[in-house]
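Okay, so here's the structure we're looking at.
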Amino acid sequence: MNEVSRRTLAVLGSTGSVGCNTLEVAHLQNDHFSVRGLSARSNVQLLFEQVQKFRPELVAVENIAAATELENRLASEGLAATKVLKGVTAATKLVEELSPDVVMAAIVGSAGLYSALRAVELGGCVLIANKEPLVMAGHLFQQAAKQSGATLLPVDSEHNAVFQCIAGADLAGQSISKIVLTASGGPFFRHAELPRWPTLSEVTPEQAIAHPNWTMGAKISVDSATMMNKGLEVIEACHLFELPVKKVSVLLHPQSVVHAIVNFIDGSSVAQMGLPDMRVPIAYAMSWPQRFESGVSNISLAEVGSLTFREPDFDCMPCLGLARDVAKEESPVLATTLNAANEIAVEAFLKGNLSFVKIPEVIAKVLGDCNGNPGIDVETLIRVDNDVRKQTLDLVHSR
Ligand SMILES: NC(=O)c1ccc[n+]([C@@H]2O[C@H](COP(=O)([O-])OP(=O)(O)OC[C@H]3O[C@@H](n4cnc5c(N)ncnc54)[C@H](OP(=O)(O)O)[C@@H]3O)[C@@H](O)[C@H]2O)c1
């Protein structure tokens with residue numbers, strides 16, 4: 001392929017787990033992609049190495065001191081052709097200035113909301129890994145995509161799997177009776193005997209982060225351990241596939257081989273399988289509607305031997321129950337509250353300021369105080385996000 005037919009790519013959250021995997025696929029598929037933009041919060045060393053390798057036009061760095069450090073380093077190493085954007089709006093500015101063909105939205109948490117939404121408003125192809133903004137404001141993403149003509153492609157492995165299962169089907173929700181998102185159970189809920197929640201009181205951040213099947217960033221790894229990740233994914237799925245929550249269910253599947261199953265009204269069930277490696281869904285989103293190599297081999301079912309499935313037990317998994325209850329309400333303010341309280345509670349746990357078992361307790365308390373503000377615009381949701389963060393932090397510190 002020549003330069004004209006290479007699609008321009010910006011990777012938001014390029015130093016993270018999804019970001020690095022995306023750049024690996026982009027490097028492998030160098031004929032198809034020209035990496036023009038990178039973004040991170042503060043990881044100067046890795047950003048520098050990524051600039052050396054991909055020579056993007058722009059890099060966005062949220063932390064101002066880190067941005068200045070990177071700028072100086074690029075200048076002294078003869079890489080000043082890459083311009084550095086600084087501060088909380090840098091990733092959004094990067095998307096606006098480059099308006100790339102493809103944006104990978106892989107910042108973690110609600111911090112990625114503006115840049116991902118702006119990418120959708122600009123009408124390109126947006127690959128969404130960053131689930132928290134979808135949980136908060138999925139309706140705004142769908143609305144913006146309809147207005148701009150943007151293509152919104154799911155990267156989260158379960159949602160990408162659903163997308164693969166329904167490829168070619170007329171969506172409109174009519175032919176689908178249910179979608180089933182599988183959950184490995186993380187480090188604590190993978191065995192037949194599920195632990196009762198209070199017995200997890202001694203869990204340390206190291207134990208919670210040690211996911212048995214996937215290598216991921218710290219926040220999503222803790223979310224997997226509490227099962228909040230699956231709860232957020234249920235809300236994400238409702239938005240992405242425009243389905244009511246009664247059509248989205250969860251199945252425990254410790255081997256993480258089947259990523260999702262779609263049940264159709266004619267009795268067919270279509271499942272997507274693959275090794276638990278994010279390069280598979282990332283490559284599918286990057287190559288869609290074609291396919292290209294991701295660098296991952298096919299799974300050998302003979303080697304896996306057996307696959308097991310069972311229903312989750314909500315009594316053992318309070319975070320999943322909280323998210324399911326919020327999903328039923330279809331309220332962006334409640335979903336934003338759930339997400340923000342969870343982000344702060346997880347951060348507090350990772351810093352050693354909150355015990356693992358208190359995470360759902362704190363979230364439930366904050367949800368209980370939510371005044372049911374009916375706002376659905378982005379300014380309201382950002383205000384709710386900020387307020388809930390402060391409220392949750394106060395609650396954590398008062399314990
Ligand atoms: N990891 C997975 O396998 C996986 C699978 C499915 C979905 N997801 C979703 O994808 C997203 C990314 O997950 P991850 O595991 O890749 O996270 P991660 O490894 O923690 O990486 C997060 C990325 O976001 C950047 N970042 C963090 N805070 C920021 C801020 N305030 N402003 C701007 N950039 C910021 C980080 O920069 P620094 O490195 O400089 O801090 C890093 O590049 C999450 O929403 C997650 O739920 C991840």
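When a ligand or atom number is given, it counts from 1 through the structure's own listing order. This structure is a prediction, so every number in the text was calculated from the model and none was measured.
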Partner residues of Leu393 under the side-chain contact (heavy atoms from CB on, under 4.5 Å) criterion, sequence neighbours left out: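 Listed in chain order: Ile344, His397.
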Qualifying residue, where the test is side chain to side chain contact (heavy atoms under 4.5 Å, CB included) with Gln391 and the options are Val362, Val396, Val366, Asn386: Val366
With sequence neighbours excluded, residues passing side-chain hydrogen bond (donor to acceptor under 3.5 Å, both in side chains) with Thr308: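 Checked Thr308 against side-chain hydrogen bond (donor to acceptor under 3.5 Å, both in side chains); matches are Gln255.
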Residues in salt bridge (Lys or Arg N to Asp or Glu O under 4.0 Å) contact with Lys146, at least two apart in sequence or another chain: Glu242
salt_bridge(Lys86, Glu71) N-O dist < 4.0 Å: yes
Aromatic ring proximity Trp214/His259, centre distance under 6.0 Å: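 Yes, the ring centres sit under 6.0 Å apart.
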Neighbouring protein residues of ligand 1 - any heavy atom closer than 4.0 Å: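 Correct list: Gly13, Ser14, Thr15, Gly16, Ser17, Val18, Ala40, Arg41, Ser42, Asn43, Glu62, Ala106, Ile107, Val108, Ala111, Ala129, Asn130, Lys131, Glu132, Asp156, Met216, Gly217, Ile220, Met278.
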